[in-house]
Amino acid sequence: MSHEARQEGSYEELLRGMQPRFAQVLARFKIPPQDAEDLLQQTLLAFVRKEASVRVPETWLVGTLRNRCLKYWRARRRSLYTAIDSAVLEAVAAEERPAQHLADLQRDLNAAVGRLRPRCRSILRLRYGLGCKPRETARRLGYRESSIYKLVERCLAALSNQLIDTPGSRAC
């Protein structure tokens, strides 16, 4: 039996034995079926590339799949925050809305921002209220530019939670 044939057979055995664990990890992270297959394929491709340095394949595969699931949800949250960021800014900037609606929206948004921690209020006001670029926001507040993106993301998440949790909010 050639090395490739032996290796292919061992892959099949390994994958058959790991299917319940893979299903368990994917279910625990509530990965949609259409995305679960992609994550699993990415994990398996990474394993094939790094197999020579992997000591315990089962542990490595499960750990890598978990990491990919975490990255999946982080990316989804990030895209949600970006969408909310855009939607909030567009709603506030929309000129064709009646003045009263814009005033109500602005009041709700200011109230939600006002309930945030001081650091988030400062970051959001500089970044979106004054239109500062990330570099300028970081400089003014004494943060590294590389960390300001993550801080803005967290503050937008907190703002989103405030807007969602506010009863009768017109900004949602």
Side-chain angles (χ1 to χ4, degrees), residues 21-46 59-172:
R21 278 294 279 153
F22 291 152
Q24 185 180 33
V25 170
L26 293 167
R28 187 177 55 189
F29 281 95
K30 297 179 181 163
I31 303 294
Q34 65 273 18
D35 296 328
E37 187 176 328
D38 290 341
L39 292 176
L40 192 53
Q41 286 179 358
Q42 291 169 5
T43 300
L44 296 173
L45 286 172
T59 304
W60 190 93
L61 285 164
V62 169
T64 301
L65 183 58
R66 281 186 190 142
N67 288 337
R68 292 201 182 273
C69 290
L70 288 169
K71 286 180 182 179
Y72 170 85
W73 284 115
R74 284 180 191 139
R76 294 282 300 250
R77 275 194 312 267
R78 191 173 301 121
S79 67
L80 173 66
Y81 301 151
T82 302
I84 288 172
D85 172 24
S86 299
V88 168
L89 292 175
E90 287 173 16
V92 171
E95 293 181 25
E96 65 274 358
R97 295 183 185 249
Q100 180 61 42
H101 181 69
L102 285 175
D104 291 344
L105 184 62
Q106 188 68 44
R107 186 191 70 239
D108 290 344
L109 187 57
N110 284 336
V113 169
R115 289 188 299 272
L116 296 175
R117 292 182 177 177
R119 176 175 81 169
C120 280
R121 284 196 306 263
S122 299
I123 289 172
L124 293 177
R125 287 217 166 99
L126 281 173
R127 183 76 179 94
Y128 300 105
L130 299 176
C132 293
K133 300 287 184 204
R135 174 178 286 161
E136 176 68 11
T137 302
R139 188 188 63 73
R140 285 187 180 194
L141 296 175
Y143 294 111
R144 290 190 322 263
E145 184 180 356
S146 61
S147 66
I148 200 71
Y149 292 99
K150 193 167 273 196
L151 290 170
V152 168
E153 193 175 286
R154 288 179 187 155
C155 292
L156 286 172
L159 177 61
S160 300
N161 288 334
Q162 285 293 326
L163 291 171
I164 290 168
D165 293 343
T166 302
S169 174
R170 293 171 190 86
C172 296

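The residues of the chain are indexed from 1 along the displayed sequence.
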Problem set entry | Reported CG-to-CG distance for the pair Leu156 and Leu124, which is rounded to 0.5 angstrom | 5.5 Å

Exercise. What residues form a salt bridge (Lys or Arg N to Asp or Glu O under 4.0 Å) with Asp38, not counting sequence neighbours?
Worked result: none

Problem set entry | Lys150 bridged to Glu153 by N-O distance under 4.0 Å | no

Exercise. To the nearest 0.5 Å, what is the distance between CG (Leu141) and CZ (Arg127)?
Worked result: 12.0 Å

For this session: Quick one: pull up CZ in Arg121 and CG in Leu159 and give me the separation to the nearest 0.5 Å.
Result: 12.0 Å

Exercise. Can Tyr72 and Arg68 be counted as having a side-chain donor-acceptor contact under 3.5 angstrom?
Worked result: no

For this session: For the pair Thr64 (side chain) and Leu61 (backbone), establish whether a donor and an acceptor sit closer than 3.5 Å, ignoring hydrogens and angles.
Result: no

Seminar exercise, completed: Closest non-hydrogen atoms of Tyr143 and Arg119, given as atom of the first, atom of the second and distance, are OH-CD, 2.7 Å

Problem set entry | Residue pair Arg28 / Arg66, side-chain heavy-atom distance below 4.5 Å | yes

For this session: Can you measure from CG (Leu151) to OG (Ser122) and round to the nearest 0.5 angstrom?
Result: 11.5 Å

Problem set entry | Qualifying residues under salt bridge (Lys or Arg N to Asp or Glu O under 4.0 Å), relative to Arg74, sequence neighbours excluded | none

For this session: Indicate yes or no: at least one non-hydrogen side-chain atom of Phe29 is less than 4.5 angstrom from one of Leu39.
Result: no

Exercise. Which is it for Gln162 and Leu116 under the side chain to side chain contact (heavy atoms under 4.5 Å, CB included) test, yes or no, and what are the steps along the way?
Worked result: CA-CA 8 Å; Gln162 285 293 326; Leu116 296 175; 3.8 Å; yes

For this session: Go through the structure and list residues passing salt bridge (Lys or Arg N to Asp or Glu O under 4.0 Å) with Glu37, not counting sequence neighbours.
Result: none

Exercise. In Å and rounded to the nearest 0.5 Å, what is the CH2 to CG distance from Trp60 to Leu65?
Worked result: 10.0 Å

Exercise. Pick one: which of Val113, Leu130, Thr137 meets side chain to side chain contact (heavy atoms under 4.5 Å, CB included) with Arg125?
Worked result: Val113

Exercise. Do Cys69 and Val25 come within less than 4.5 Å of each other through their side chains, counting heavy atoms only?
Worked result: yes

Exercise. Which distance, rounded to the nearest 0.5 Å, do you find between the CD1 of Ile148 and the NZ of Lys133?
Worked result: 14.5 Å

